[in-house]
S.K.: 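One structure is given below, represented as C-alpha cells, and several questions about it will come after.
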Number of protein chains: 4
Amino acid sequence: MRHEKVDLIFQAAVQIFSDRGFDQAKMDEIAQAAGVAKGTIYYHFDSKEDLFVGLMNEGLSQLTQYVERNLEGAFTASDQLYAIIEAHVQFFVENGKLAKLLLNEAFDTQERQLQFRAKVRNYISVIDQVIQTGVRNGEFEVKHSQELAVALFGAASVMVLHKIYAHDIDKQEELQAQTPAILSTLEMIMKNVIKMK
Amino acid sequence: MRHEKVDLIFQAAVQIFSDRGFDQAKMDEIAQAAGVAKGTIYYHFDSKEDLFVGLMNEGLSQLTQYVERNLEGAFTASDQLYAIIEAHVQFFVENGKLAKLLLNEAFDTQERQLQFRAKVRNYISVIDQVIQTGVRNGEFEVKHSQELAVALFGAASVMVLHKIYAHDIDKQEELQAQTPAILSTLEMIMKNVIKMK
Amino acid sequence: MRHEKVDLIFQAAVQIFSDRGFDQAKMDEIAQAAGVAKGTIYYHFDSKEDLFVGLMNEGLSQLTQYVERNLEGAFTASDQLYAIIEAHVQFFVENGKLAKLLLNEAFDTQERQLQFRAKVRNYISVIDQVIQTGVRNGEFEVKHSQELAVALFGAASVMVLHKIYAHDIDKQEELQAQTPAILSTLEMIMKNVIKMK
Amino acid sequence: MRHEKVDLIFQAAVQIFSDRGFDQAKMDEIAQAAGVAKGTIYYHFDSKEDLFVGLMNEGLSQLTQYVERNLEGAFTASDQLYAIIEAHVQFFVENGKLAKLLLNEAFDTQERQLQFRAKVRNYISVIDQVIQTGVRNGEFEVKHSQELAVALFGAASVMVLHKIYAHDIDKQEELQAQTPAILSTLEMIMKNVIKMK
DNA sequence: AATGAATGAGGTTTCATTCAT
DNA sequence: TATGAATGAAACCTCATTCAT
C-alpha cells in the first residue's frame, strides 16, 4: 500500500508518545521504533507537533467510531447513555496506550491541545445531549445535565487510568478483568442518579 | 519560618509549572518570576526535578491538611465522605493553578511521578476506607468500594478541571460560582449510590 | 537543440538562484518551479553545484556573445571600449536576474567560484587589452590600464546592481529608463580619463 | 573587562563569515575559533543572524568613523570627495576580511540584508551630497550626481576586491602596495569628470 | 547566601542526494 | 528518461546545570 511507512510511524508514535509524553518523546526514538529514517517522518509530517496532532485526531476519531458502533440499536436515552459509557470504558481498556495519551493530553496545558480540548468538550456534550433528551422525554430527572456528563466522563476515564497505572499496561487480560467492576460502579451511578420513574 | 527566597521560588514555580507543565517550564522563567537569580534556585534546590517534587509534596500536603480540617466534627461515614469530597472540590477551586498541576501530573507518565502517584493512591485509599467503614457499620451498601472511591475522586477532579479550562483560571469569582453545581451533582451520586437504609 | 527539460530546469534555476543565492536555493524549489520531479534534475546534472556552474557558464557565455555582437563594426579602440561597456550595461539591465547572479557570485568566496572568477578576470582582461591597444596606437593616455579596466567593470556593474535593488527587478521599463543616466556617466569617465589627443 | 568573550566572538566571526559567507559559516566553527563554547555565543546573541547583523553594523560603523576622521580638515568639496574615496580604499585594504564581508553582503539578496543595504545606500548618498555641494558652489560640473557617486563607490570597492582575490588576503604588504595604483586611477576619474573650472 | 556568565549535551529540523520503479 | 519516497549527515538552537566571584 502507499502509506505503509506512515502506518509504521503512527504505530511507533503511539507507543513512544504514550510512554514518554510529548516532550520526552524523541523523534530519533520514534523513527527507530518505526524502523524508518528520521527524515522519513519529516517527509510525511511537518513537525513533531504535526505528528502528535495527527495521532490525537486519529485516536479521538477511533474512539468516536467505537462509541457510534455501540450506539446502534440503542433507542431509549438510558440505553444510549449506557452504550456510550460502556464503549468508552471498553475502548480505553482495549487501547491502553491511546487512553493514556488521550487523557493525559486532554488535561494538559499547552497551546497545542487547544484544538484537541475543543474536541473533547464536544465529545462530552454528546453525553450531555443524551441526558437532556432523557430529561425531556421523562426518562431521567437531573438538575445539572452538563455537570453530570462531565462527572460520568471523569469517573469512567479516571477509573480506567487508575487501573492502567496499577497493573501492567501490556497485560491485556489483567486489564480486561477489571472492566466489570468499573462498569458495575458506573451503572450504579447511572441507575440511581438518573431517577427512573 | 522558611527562607524568604524559597517562598518566592515556590510561588513562582507553581505559576510556571502550572502554566507550562514540567518540561516546558524553564528555570530561567521561574527565576525571573521569582525575582531571584537562577543560581539562587540551585542554591536551595538540587535540580529542577527536586523543585518540582518539593512543590507537588507541598501541594498534596496542603490538600491533605485542608481535607483533614474539614473532617473535624464529621463522625458518621457519610458525613466524612461528604466532608472529603467537599474539601477536595473547594481546595481545587480555590487553588486552580495547583489543581492543574496536581491533576496533570497525577495522570502523567514519567518516572518522576512514581513517588507522587503512590501518594495519590494513598489519598484515594483514605476515601476507600471511609466507604468501607460505612459499609461495615451498615451506613452504606456498596459492592466495589475501591472503584467507587476512584470514581468519586475522578468525577470531582475532572469536573473542576473542566470548569477551569472553560473559564478563565484567574477569575476566582467565576470559578467559585461553579462550585454549587459541582457539589450538588456529587451529592446526588453519593446519596443514591450509597444506599442509605 | 538542448533537451526540453534541461531548458525548463535552467530557466527555473536562474530565477531561484538569483532570488535566494546558492545556499538558500533548494533543489525542491527549483524542481517545482521547473515543473519537473526532483530526480529529473539529478538525471541531467550531477549535483546542485554542477547545475549552478552550468548556469554561470551559460550566463557568462551569453554576456560574452552579447558583447561580441556589439563589437562588430567597432574598429577604433575607443569605439570598442564604448561598445563593450554599453553592451555590458544593456545586457545586465535586460537580464536583471542573471546580473544579480553573476555579480553576487563574482564577488563571493567559495571554492566553487574559483573557476568562475577566473573567467571574470578573463572578461576584464579583454577590456584591459582594448585599453592597452588604444594606448599603443596613441588613442589613449593611461597609466594603469588594468586598474582602469577593473574600475570601469566595477562602476558599470555596481551602478546596474544599485538600480536593480532600488527598483523592482521585474519592471523592465523602469530599469530600462535608467540606462541613459548610467551610460552617460560611464561615457564621461571614459571620455575624460582616456585623454584623447 | 566585561565583554571579553563578546570581543573574542566578534573577532572569530569576522574571520569565518568572511572566509565562508553567511550560510557556509558554522556556529561550531565560530565558537571554536573564538575559544568559547557554542552556548556562549547564544548567551550573547539571539541567533546566527543576530551575530551577523551585529558584525555588519559594527563594520559599517568602523568604516564610517574611519571616513569621518579622514574628512577632518577637508573643507572644499573636492578635498572632501577625495578624502572619502581615499579613506574608503584604505580602510578596505587594511581590513580585507571585513571588506569582503561588507561588499559581498552589500550585493546579496537575502531579507537579512535589507536593513544593511539601506545603510549602504545612506553611505553612498553622503558621497552624492558632497558632489551636489561641489556642483552648487561651482567647484564641479556634473549631470548625474547620484550615478557618479555610485560609480565611484563601485569602482573603488571592486578594485579593492579584485586585488584581494588576486593576492593573498593575509599578506598586508602586498595589498598595501596596490593602493597607489588604485587611488591614482580614482583620482584621474575624479579630476577629469569633475570638471574644475 | 546569592549571582549570572558560561557550558555542552542533546534535540528538532533541513535538504542534497539516492534508487527502486 | 523520469519519478518521488526515503535517507541521514549536519546544522541551529535550547536549557539544566555549574562555578568563580
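We name chains A, B, ... by the order of the sequence lines, and we start the count at 1 in each one. Heavy-atom basis, side chains included; hydrogens, waters and symmetry copies ignored.
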S.K.: Quick one: are B:L63 and B:F92 in side-chain contact, heavy atoms under 4.5 Å?
M.R.: yes
S.K.: Could you tell me the separation between the CE atom of D:M27 and the P atom of F:dA11, rounded to a whole number of Å?
M.R.: 13 Å
S.K.: Could you state the atom-to-atom distance from CD of D:E4 to P of F:dA20 in whole Å?
M.R.: 15 Å
S.K.: Between C:L60 and C:F116, is any pair of side-chain heavy atoms under 4.5 Å apart?
M.R.: yes
S.K.: So, do B:K119 and B:N57 sit near enough that their side-chain heavy atoms are less than 4.5 Å apart?
M.R.: yes
S.K.: How many whole angstroms separate atom CZ of B:F45 from atom P of F:dA16?
M.R.: 15 Å
S.K.: Does E:dT13 have its OP1 or OP2 closer than 4.0 Å to a side-chain nitrogen or oxygen of A:Y42?
M.R.: yes
S.K.: Measure from CD1 on C:I16 to P on E:dA16 and round the result to the nearest Å.
M.R.: 12 Å
S.K.: Identify which nucleotide among F:dC15, E:dG11, F:dT3 has an atom closest to any side-chain atom of B:K26, counting heavy atoms from C-beta outward.
M.R.: F:dC15
S.K.: Check this one for me: any side-chain N or O of B:Y43 less than 4.0 Å away from OP1 or OP2 of E:dA2?
M.R.: no
S.K.: From F:dT1, E:dA2, F:dT3, pick the nucleotide closest to the side chain of B:K5?
M.R.: E:dA2
S.K.: Under 4.5 Å between any side-chain heavy atoms of A:I30 and A:L51, yes or no?
M.R.: yes
S.K.: Starting at the 5' end of DNA chain F, what dot-bracket string do you get if Watson-Crick and G-U pairs under 3.5 Å are bracketed, crossing pairs use [ ], other-strand pairs use | and unpaired bases use dots?
M.R.: .||||||||||||||||||||
S.K.: Would you kindly give the CZ-to-P distance between B:F22 and F:dA16, to the nearest whole Å?
M.R.: 8 Å
S.K.: Nearest whole Å is fine: how far is E:dT13 P from C:D28 CG?
M.R.: 17 Å
S.K.: Could you tell me whether B:A25 contacts a base, only the sugar-phosphate backbone, or nothing, with contacts defined as non-hydrogen atoms closer than 4.0 Å?
M.R.: sugar-phosphate
S.K.: Measure from the ring center of D:F17 to the ring center of D:F10 and say whether it is less than 6.0 Å.
M.R.: no
S.K.: Any luck finding a side-chain donor-acceptor pair between B:Q15 and B:Q11 under 3.5 Å?
M.R.: no
S.K.: May I ask you to say what D:K38 touches in the nucleic acid, namely base, sugar-phosphate or nothing, with a heavy-atom cut-off under 4.0 Å?
M.R.: base
S.K.: Hey, which of these two, A:G35 or B:E49, hits DNA chain F nearer its 5' end, going by closest nucleotide?
M.R.: A:G35
S.K.: Side chains of A:L55 and A:F45: does their closest heavy-atom pair fall under 4.5 Å?
M.R.: no
S.K.: Just verifying a value: how many Å separate C:S18 OG and C:N104 CG, rounded to the nearest 0.5 Å?
M.R.: 7.5 Å
S.K.: Between D:G39 and C:D23, name the one whose nearest nucleotide on DNA chain E is closer to the 5' end.
M.R.: D:G39
S.K.: For C:I9 and F:dA2, give me the distance from atom CD1 to atom P, rounded to whole Å.
M.R.: 8 Å
S.K.: Taking OP1 and OP2 of E:dG4, is either one under 4.0 Å from a side-chain nitrogen or oxygen of D:H44?
M.R.: no
S.K.: A:T40 side chain: which of F:dT3, F:dA6, E:dT3 is closest?
M.R.: F:dA6
S.K.: Measure from CD1 on A:I41 to P on F:dG8 and round the result to the nearest Å.
M.R.: 13 Å
